[in-house]
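Heads up, the thing below is written out as structure tokens.
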Amino acid sequence: MDEVEGVLNGTYDYTKLKGETGPLVYPAGFVYIFSFFYYLTERGSNIRLAQYIFAALYLLTLILVFRIYVITKKVPPYVFFFMCCASYRVHSIFLLRLFNDPVAMAILFFSINLLLQDHWSWGCFFYSLAVSVKMNVLLLAPGLLYLLLCRFGLLHAMPKLCICAMLQVFLALPFLLENPTGYLLGSFDFGRQFLFQWTVNWRLIPESMFQHRAFHVALLTAHLVALLLFCFNRWPRSGQSLWSLLKDPAKRKPSHKLTANKIIFVLFSSNFLGVIFSRSLHYQFYVWYFHSLPYLLWCTGTSTLPGLAKILILGLIELSWNTFPSTALSSGILNLCHGTILLHLWFGIPPDETWASPSTPTIRTPSKKKD
């Protein structure tokens with residue numbers, strides 16, 4: 001509220017916007033949405049009303065997530081209980097902390113639902129809107145780019161990418177006109193230093209190593225390598241080469257089919273790779289991937305992990321995020337669970353090879369009309 005109050009008072013220079021918790025480090029969409037909350041909650045003083053708003057946001061998020069799982073038909077219904085009733089940390093992030101992370105994720109899940117309905121232009125619009133609330137949504141960008149190439153080819157994917165870029169410019173225009181460098185460095189600061197005291201995933205290493213640039217470069221390199229490996233080997237392409245995705249879909253042989261499961265597998269795995277190689281995960285970051293964990297555990301066609309083991313992994317991850325302050329043990333358990341899921345995704349059968357059945361929703365690529 002302190003940060004957006006500065007904007008409402010006429011300050012558009014991002015370098016001068018700050019609150020009790022520090023400078024404003026979120027993109028312009030955050031400013032507009034939380035300015036709306038500012039007026040609704042009597043300048044941020046009506047906390048109870050803010051909690052009601054976030055409670056409604058939480059229910060909306062569950063509806064959007066459940067709709068994704070209903071369409072993909074891969075997660076057993078009993079797992080829904082763990083998503084909506086068993087996470088103390090997620091309830092805290094939504095209803096007690098009132099962070100912008102839940103707002104960004106709710107908009108993201110809405111955009112994914114639009115993609116599943118083949119509304120790619122609107123899906124890209126709301127994806128970009130989610131990025132404007134918090135830039136962690138960029139972790140899905142490699143997967144979204146891959147899907148756009150699958151669906152449209154390079155030439156016809158460009159208008160969708162322009163939608164994403166133009167919305168960012170439009171929302172940020174008042175701040176860009178005032179101080180473009182200050183806005184870009186403040187809202188999209190990829191080199192930001194994190195405090196060791198808040199890390200959930202790297203408490204098991206010394207603080208000197210946690211802050212060392214070589215460690216950051218190693219994580220970034222591992223992230224990029226993992227994305228390339230998944231792009232070339234795990235994200236299914238119906239027998240086509242990766243370079244063929246640059247062509248117009250009408251000129252590809254065989255005709256490419258984009259299933260709902262493929263869309264979710266690519267987006268959720270892209271996000272998951274970004275999470276596990278993050279320089280630091282703070283407690284509110286749990287919502288970045290919490291609702292996708294059941295799909296990641298149940299999506300691949302493999303029996304190497306029985307249902308009970310998957311539930312155990314979900315429980316251990318929840319336990320790690322509920323340990324405050326984090327310990328070397330809790331961080332170790334979290335990374336072990338992440339590694340297990342990563343191996344599960346790598347050695348499992350890709351979605352295209354197991355789920356291209358009549359019961360699986362399929363998005364066909366038309367030769368003429370493109371949304």
Side-chain angles (χ1 to χ4, degrees), residues 64-75 108-124 127 137 139-154 156-157 160-161 226-250 252-274 289 291-302 341-342 344-367 370-371:
L64 294 170
V65 171
F66 287 177
R67 188 175 184 276
I68 292 172
Y69 283 147
V70 167
I71 292 174
T72 53
K73 296 182 173 68
K74 291 301 148 191
V75 178
L108 172 66
F109 286 125
F110 181 68
S111 74
I112 293 175
N113 274 270
L114 289 171
L115 297 181
L116 292 177
Q117 296 301 313
D118 208 24
H119 299 306
W120 290 85
S121 294
W122 282 110
C124 288
Y127 170 80
V137 181
L139 295 178
L140 289 88
L144 179 61
L145 176 61
Y146 178 88
L147 292 173
L148 287 172
L149 293 176
C150 288
R151 179 66 173 81
F152 299 102
L154 179 60
H156 295 289
K160 317 302 178 188
L161 297 175
L227 282 172
L228 288 174
L229 288 174
F230 267 71
C231 184
F232 279 95
N233 297 284
R234 306 313 296 164
W235 293 347
R237 301 183 300 275
S238 299
Q240 302 178 84
S241 69
L242 185 64
W243 307 115
S244 69
L245 299 182
L246 301 177
K247 300 178 181 178
D248 189 297
R252 298 175 191 159
K253 294 181 181 180
S255 178
H256 190 70
K257 295 180 180 179
L258 196 57
T259 65
N261 272 295
K262 177 176 179 179
I263 292 174
I264 301 305
F265 179 79
V266 171
L267 291 177
F268 281 5
S269 60
S270 176
N271 183 58
F272 180 70
L273 292 175
Y289 75 136
H291 294 100
S292 67
L293 286 173
Y295 185 87
L296 294 173
L297 283 167
W298 271 270
C299 67
T300 55
T302 177
I341 297 174
L342 183 61
H344 179 65
L345 294 173
W346 182 257
F347 290 105
I349 302 174
D352 246 11
E353 298 180 18
T354 57
W355 302 328
S357 64
S359 62
T360 303
T362 301
I363 298 174
R364 298 185 180 275
T365 304
S367 56
K370 298 178 178 65
D371 179 17

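Start at 1 with the first residue, then count along the sequence.
Phe272 pairs by the ring pair (Phe, Tyr, Trp, His ring centres under 6.0 Å) definition with His338, not counting sequence neighbours. Every residue two or more places apart in sequence or in another chain that forms a side-chain contact (heavy atoms from CB on, under 4.5 Å) with Leu228 is listed here: Phe232. By the side-chain hydrogen bond (donor to acceptor under 3.5 Å, both in side chains) test, Ser292 pairs with no residue at all, sequence neighbours left out.
Two residues are said to be in side-chain contact when any heavy atoms from C-beta on lie closer than 4.5 Å; Ile264 and Leu116 meet this criterion. Looking only at side-chain heavy atoms (C-beta outward), Asp118 and Leu258 stay at 4.5 Å or farther from each other. In this structure, Cys150 and Val266 have side chains that are not in contact, with every pair of non-hydrogen atoms separated by 4.5 Å or more. Here the side chains of Lys160 and Leu144 are not in contact, with every heavy-atom distance at 4.5 Å or above. Looking only at side-chain heavy atoms (C-beta outward), Phe265 and Thr72 stay at 4.5 Å or farther from each other. No side-chain heavy atom of Arg234 sits under 4.5 Å from any side-chain heavy atom of Leu345. Side-chain contact check for Phe268 versus Ile112: some heavy-atom pair is nearer than 4.5 Å. Contact annotation: the side chain of Asn233 approaches that of Trp346 to within less than 4.5 Å [non-hydrogen atoms, C-beta and beyond].
A donor-acceptor pair is defined here as one N or O able to donate and one able to accept, closer than 3.5 Å; no such pair exists between the side chain of Tyr289 and the backbone of Leu273.
Ring geometry for Tyr69 against Tyr295 counts as parallel: the plane angle stays under 30°, on a 0 to 90° scale with 60° as the upper cut.
Checked by atom type, the side-chain pair Ser270/Trp235 shows no donor-acceptor distance below 3.5 Å.
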